[in-house]
Amino acid sequence: QVQLAESGGGLVQVGGSLRLSCAASERSFTNRAMGWFRQAPGKEREFVAAIDYSGASTYYADSVQGRFTISRDNAKNTVYLQMNNLKLEDTAVYYCAVHFRFTCSGGGCATPVDYDYWGQGTQVTVSS
């Protein structure tokens, strides 16, 4: 079973940047699309970004498009989320997850139920 460990969260001011990392316990994840989701208190878990198995295709929620960048290094079994120009509304626990398919084409990767494995999450807090 794949285990995921997120890191890089913390407290940052509005307009600042953070880089989240998600390390997988085994190389099998390199054949899967990966995604980042977030959940704020009292809200549903929402899609943030996804990347296909090769890293060639990426997908973003409208709310983060142009500010966040998802990438992956399959040699390191790691997926990243670079977050720039952070806003108060970006405050949430961020989770990475392994999709059941290798690509997001057709069905997309925005639905949590399509992910097989989840990390424990890392807190991101944006302050004014």
Side-chain angles (χ1 to χ4, degrees):
Q1 180 166 334
V2 176
Q3 294 183 328
L4 304 173
E6 301 98 335
S7 61
L11 175 65
V12 64
Q13 290 189 323
V14 169
S17 298
L18 283 175
R19 187 196 196 200
L20 306 183
S21 298
C22 172
S25 61
E26 58 184 69
R27 290 191 59 78
S28 60
F29 107 113
T30 61
N31 296 321
R32 307 279 203 98
M34 297 288 294
W36 285 96
F37 287 75
R38 66 187 181 186
Q39 188 166 18
K43 294 188 176 181
E44 297 285 325
R45 188 167 298 190
E46 67 172 351
F47 170 73
V48 175
I51 188 167
D52 74 357
Y53 77 104
S54 68
S57 298
T58 56
Y59 308 83
Y60 298 94
D62 290 343
S63 59
V64 307
Q65 180 76 48
R67 300 187 298 121
F68 291 10
T69 303
I70 188 172
S71 61
R72 67 191 297 164
D73 185 341
N74 286 342
K76 296 182 178 180
N77 297 351
T78 303
V79 175
Y80 305 97
L81 185 68
Q82 177 66 43
M83 306 186 296
N84 297 329
N85 190 23
L86 283 160
K87 303 178 179 181
L88 292 174
E89 53 265 39
D90 294 319
T91 295
V93 177
Y94 284 71
Y95 301 88
C96 67
V98 181
H99 198 269
F100 80 98
R101 299 193 307 167
F102 65 95
T103 180
C104 295
S105 63
C109 287
T111 305
V113 296
D114 289 336
Y115 288 80
D116 291 331
Y117 304 104
W118 292 82
Q120 294 299 307
T122 184
Q123 176 70 47
V124 172
T125 303
V126 184
S127 65
S128 59

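- With hydrogens and angles ignored, the 3.5 Å screen pairs a side-chain donor or acceptor of E6 with a backbone N or O of Q120.
- When atom types are taken as modelled, the side chain of D52 and the backbone of G55 share a donor-acceptor pair closer than 3.5 angstrom.
- Of all heavy-atom pairs between W36 and I70, the closest is CD1-CD1, 3.5 Å.
- Heavy atoms from other residues, nucleotides or ligands lying under 6.0 Å from CD of E89 number more than 12.
- Using a 4.0 Å cut-off between charged nitrogen and carboxylate oxygen, R101 and D114 do not count as a salt-bridge pair.
- R19 forms a cation-pi arrangement with Y80, by the criterion of a distance under 6.0 Å to the ring centre and an angle within 45° of the ring axis.
- At a threshold of 4.0 Å, the pair D90-R38 counts as salt-bridged, since one of the basic side-chain nitrogens sits closer than that to a carboxylate oxygen.
- Within the 4.5 Å cutoff, the side chain of M34 has heavy atoms near those of the F29 side chain.
- Donor-acceptor pairing under 3.5 Å is recorded for the side chains of S17 and N84.
- To the nearest 0.5 angstrom, R67 atom CZ is 12.0 Å from Y60 atom OH.
- Other residues, nucleotides and ligands contribute only 12 or fewer heavy atoms inside 6.0 Å of the CD atom of Q3.
- Transitive grouping of hydrophobic side chains (ILVMFWY, heavy atoms separated by less than 4.5 Å) brings Y117 and V48 into a common cluster.
- Just one residue in the list W118, Y95, F47 forms a side-chain contact (heavy atoms from CB on, under 4.5 Å) with P112, and that residue is W118.
- Heavy atoms of other residues, nucleotides or ligands lying less than 6.0 angstrom from CD of Q13 number 12 at most.
- Here the side chains of T125 and V12 are not in contact, with every heavy-atom distance at 4.5 Å or above.
- In terms of hydrophobic clustering, with Ile, Leu, Val, Met, Phe, Trp and Tyr side chains grouped at heavy-atom distances under 4.5 Å, L18 and F68 are assigned to a common cluster.
- No side-chain heavy atom of V14 sits under 4.5 Å from any side-chain heavy atom of L86.
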Take S57 and I51 through the side-chain contact (heavy atoms from CB on, under 4.5 Å) test and state the conclusion after the steps. CA-CA 6 Å; S57 298; I51 188 167; over 6 Å; no

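- A donor-acceptor pair under 3.5 Å is formed between the side chain of T91 and the backbone N or O of V126.
- Note on L88: it clusters hydrophobically with M83, by side-chain heavy-atom contacts below 4.5 Å among ILVMFWY residues.
- Under the 4.5 Å side-chain heavy-atom criterion for ILVMFWY residues, a single connected hydrophobic cluster contains both L20 and V98.
- The OG1 atom of T58 sits 7.5 Å away from atom CD of Q65, with the distance rounded to the nearest 0.5 Å.
- Looking at C22 and L4, their side chains come closer than 4.5 Å, going by heavy atoms from C-beta outward.
- The aromatic rings of H99 and Y115 lie perpendicular to each other, with more than 60° between the two planes, well past the 30° mark.
- Residues T69 and L81 fail the side-chain proximity criterion, which asks for heavy atoms closer than 4.5 Å.
- The two atoms that bring C104 and A50 nearest to each other are SG-CB, 4.0 Å, heavy atoms only.
- Between the side chain of T111 and the backbone N or O of V113 there is no donor-acceptor pair closer than 3.5 Å.
- No more than 12 heavy atoms of other residues, nucleotides or ligands shown are found within 6.0 angstrom of CZ on F102.
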